Protein chains: 2
Amino acid sequence: MPVATHADHAPLELERFIPYQLSIVSNTVSQTIADDYQARYDLSVTEWRVMAVLARFDGLSAREVAERTATDKVAVSRALSRLVAAGRVRRHMHENDKRRSVLGLTPAGWEIHDVVAPMARQRERDFLAQLSDEEQAWLGRILDKLMP
Amino acid sequence: MPVATHADHAPLELERFIPYQLSIVSNTVSQTIADDYQARYDLSVTEWRVMAVLARFDGLSAREVAERTATDKVAVSRALSRLVAAGRVRRHMHENDKRRSVLGLTPAGWEIHDVVAPMARQRERDFLAQLSDEEQAWLGRILDKLMP
DNA sequence: CCCTTATAGTTTCACCTGTAACTACTTGCA
DNA sequence: TGCAAGTAGTTACAGGTGAAACTATAAGGG
């Protein structure tokens with residue numbers, strides 16, 4: 001059996017360290033959701049997030065998608081390449097600014113969205129069901145406050 | 001300006017989707033902490049977590065470290081190779097079971113630990129300072145409940 | 001005992017990610 | 001105008017990461 005070391009060193013108790021707990025909880029729930037669609041649609045987490053914002057905001061540029069998903073623009077560019085190649089996202093150039101792309105879901109993209117979005121919401125409910133109503137309300141407020 | 005698409009499709013509101021919020025908040029705080037030690041000590045997040053558990057539990061095997069850090073055993077194996085090579089962790093074989101390693105921090109490992117642990121705790125305090133005392137208490141309880 | 005099965009740890013492979021460098025286009029000011 | 005500076009997006013490179021395969025050792029049942 002492992003033995004706690006001398007108190008002089010004040011070791012970090014990882015399992016009670018909030019940033020560590022957040023990382024474990026976040027990875028667990030995200031992976032659970034991703035398991036629902038990754039194998040079935042060959043869709044990465046980043047790709048799904050891109051599709052989710054395009055479902056809400058049609059016609060965004062790649063940079064705007066990057067902002068709204070809090071994702072690096074390089075990652076968005078790669079996700080878009082795959083999504084366009086798979087026929088899930090349409091991309092054309094802005095008429096007045098030839099640097100910008102104008103993005104949106106294709107019918108095939110919408111089909112996937114309309115299956116995955118309800119699954120994701122259901123997983124969110126399953127996850128929150130571990131908490132009481134009061135705890136759920138506090139968690140919502142706390143996360144809103146902590147979001148950058 | 002982007003326009004919200006038709007309600008039939010019920011698009012996900014990413015910025016109010018709890019798993020997404022968790023992932024943003026978690027990545028932000030973990031990266032802030034990592035910035036403190038990564039460049040200074042050439043230490044990855046996984047390596048730091050391995051050191052933190054060895055600070056608390058001397059003599060663990062690699063598998064036990066993997067369990068306690070919720071990290072893949074491959075990632076732990078690689079982190080240990082680097083930590084041993086850097087003289088921060090000592091590793092020898094278990095006398096009765098030659099498959100198992102017996103791990104612990106070296107004096108050099110302790111020196112780093114004793115600098116990084118207080119920094120990490122300070123970052124945790126800074127992070128929590130965004131919340132009221134009541135919110136901090138709820139967050140603590142909620143995370144304990146959600147930890148697998 | 002021996003042989004099957006299980007476990008600890010490492011290596012390999014394929015992929016994902018972020019940083020930096022690059023191209024193409026636009027803007028603004030001399 | 002035309003040239004410097006800024007912006008959108010892609011490409012290249014350099015790690016990091018997980019799944020699967022592999023080696024070595026241990027455990028357990030005939």
Side-chain angles (χ1 to χ4, degrees), chain A residues 2 23-24 26-28 30-32 34-35 37-39 41-50 53-54 59-86 89-104, chain B residues 2 23-24 26-28 30-32 34-35 37-39 41-50 53-54 59-86 89-104:
Chain A
S23 131
I24 299 296
S26 167
N27 289 342
T28 305
S30 284
Q31 195 52 56
T32 303
D35 287 346
Y37 59 74
Q38 277 189 331
Y41 294 111
D42 185 26
L43 195 65
S44 76
V45 173
T46 304
E47 283 165 34
W48 164 244
R49 286 182 179 172
V50 168
V53 286
L54 291 179
L60 290 188
S61 69
R63 187 190 59 75
E64 289 167 331
V65 170
E67 269 176 18
R68 289 205 172 263
T69 53
T71 304
D72 192 88
K73 67 173 182 170
V74 177
V76 170
S77 169
R78 278 186 284 242
L80 283 170
S81 296
R82 277 188 36 101
L83 289 169
V84 170
V89 167
R90 65 176 157 67
R91 167 164 56 180
H92 53 83
M93 286 298 121
H94 193 282
E95 35 183 316
N96 297 330
D97 185 345
K98 288 176 192 160
R99 295 168 308 176
R100 301 184 51 175
S101 51
V102 179
L103 303 163
Chain B
S23 128
I24 300 295
S26 166
N27 288 341
T28 305
S30 285
Q31 195 52 57
T32 303
D35 287 346
Y37 58 75
Q38 277 188 331
Y41 294 111
D42 186 25
L43 193 65
S44 75
V45 173
T46 304
E47 284 164 33
W48 165 243
R49 285 183 179 171
V50 168
V53 282
L54 292 178
L60 290 187
S61 69
R63 188 190 58 75
E64 289 166 330
V65 170
E67 269 176 19
R68 290 206 171 261
T69 52
T71 304
D72 191 88
K73 68 173 180 169
V74 177
V76 170
S77 169
R78 277 187 285 244
L80 284 170
S81 297
R82 278 188 35 104
L83 288 169
V84 170
V89 167
R90 65 174 156 69
R91 167 164 57 181
H92 53 83
M93 287 296 123
H94 193 282
E95 36 183 316
N96 297 331
D97 184 346
K98 288 176 194 160
R99 295 168 307 175
R100 301 184 52 175
S101 51
V102 178
L103 303 163

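The model shown is predicted, which means the values in this text are computed figures rather than measured ones. Each chain gets a letter, A, B and so on, in the order the sequences are listed, and its residues count up from 1.
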Practice problem: List the steps and the verdict of salt bridge (charged side-chain N to carboxylate O under 4.0 Å, His left out) for R100(B) and E95(B). | Solution: CA-CA 9 Å; R100(B) 301 184 52 175; E95(B) 36 183 316; over 6 Å; no
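- Looking only at side-chain heavy atoms (C-beta outward), E47(B) and Q38(B) stay at 4.5 Å or farther from each other.
- Within 4.0 Å of N96(A), counting heavy atoms only, lie sugar-phosphate atoms of the nucleic acid but no base atom.
- Residue-level contact check: S81(B) touches neither bases nor backbone, having no heavy atom under 4.0 Å from any strand.
- Side-chain N/O atoms of R91(B) include none lying less than 4.0 angstrom from OP1 or OP2 on dA8(C).
- For the pair S77(A) and dG9(D), the criterion of a side-chain N or O lying under 4.0 Å from OP1 or OP2 is not met.
- Rounding to the nearest 0.5 Å places CH2 of W48(B) at 11.0 Å from CG of L83(B).
- Of the two residues contacting DNA chain C, namely A75(A) and V102(B), the nearest-nucleotide position lying further toward the 5' end is that of V102(B).
- Atom CZ of R82(A) and atom P of dC15(C) are 10 Å apart (whole Å).
- Among the atoms of the strands shown, none is found under 4.0 Å from any heavy atom of S44(B).
- The separation between E67(A) atom CD and dG9(D) atom P is 11 Å, rounded to whole Å.
- Within the nucleic acid shown, S101(B) comes within 4.0 Å of sugar-phosphate atoms alone, with no base atom in reach, counting heavy atoms only.
- Per the geometry, CG belonging to D72(B) stands 6 Å off P belonging to dA19(D), to the nearest Å.
- Within the 4.0 angstrom heavy-atom criterion, base atoms lie near K73(A).
- Closest approach to the R100(A) side chain among dG9(D), dT26(C), dG18(C) is made by dG9(D) (side chain taken as heavy atoms from C-beta onward).
- The minimum heavy-atom distance linking L103(B) with S61(B) is given by the pair CD1-C, 3.8 Å.
- At a cut-off of 3.5 angstrom, the base of dG15(D) holds no donor-acceptor pair with the side chain of R78(B).
- Residues V102(A) and M93(A) approach most closely at CG2-C, 4.2 Å, considering heavy atoms.
- A donor N or O paired with an acceptor N or O is not found under 3.5 Å between the base of dT26(C) and the side-chain atoms of R99(A).
- The CG-P distance, from N27(A) to dG18(D), rounds to 9 Å in whole Å.
- One interatomic measurement links the two molecules: CG of L80(B) to C1' of dT11(C), which rounds to 15 Å at whole-angstrom precision.
- Regarding K98(A), its NZ atom lies at a distance of 17 Å from the P atom of dT10(D), rounded to whole Å.
- As a whole-Å value, the separation of L103(A) CG from dA8(D) P is 13 Å.
- Between R68(A) and L60(A) the shortest heavy-atom distance is CD-CD1, 4.0 Å.
- In terms of phosphate contacts, R63(B) brings a side-chain nitrogen or oxygen within less than 4.0 Å of OP1 or OP2 of dA8(C).
- Comparing dT26(C), dC13(D), dT25(D) by their closest approach to the side chain of D97(A) singles out dT26(C).
- Comparing dG18(C), dT10(C), dC13(C) against the side chain of V74(B) picks out dT10(C) as the nearest.
- Note: CE (M93(B)) to P (dA26(D)) measures 11 Å, nearest angstrom.
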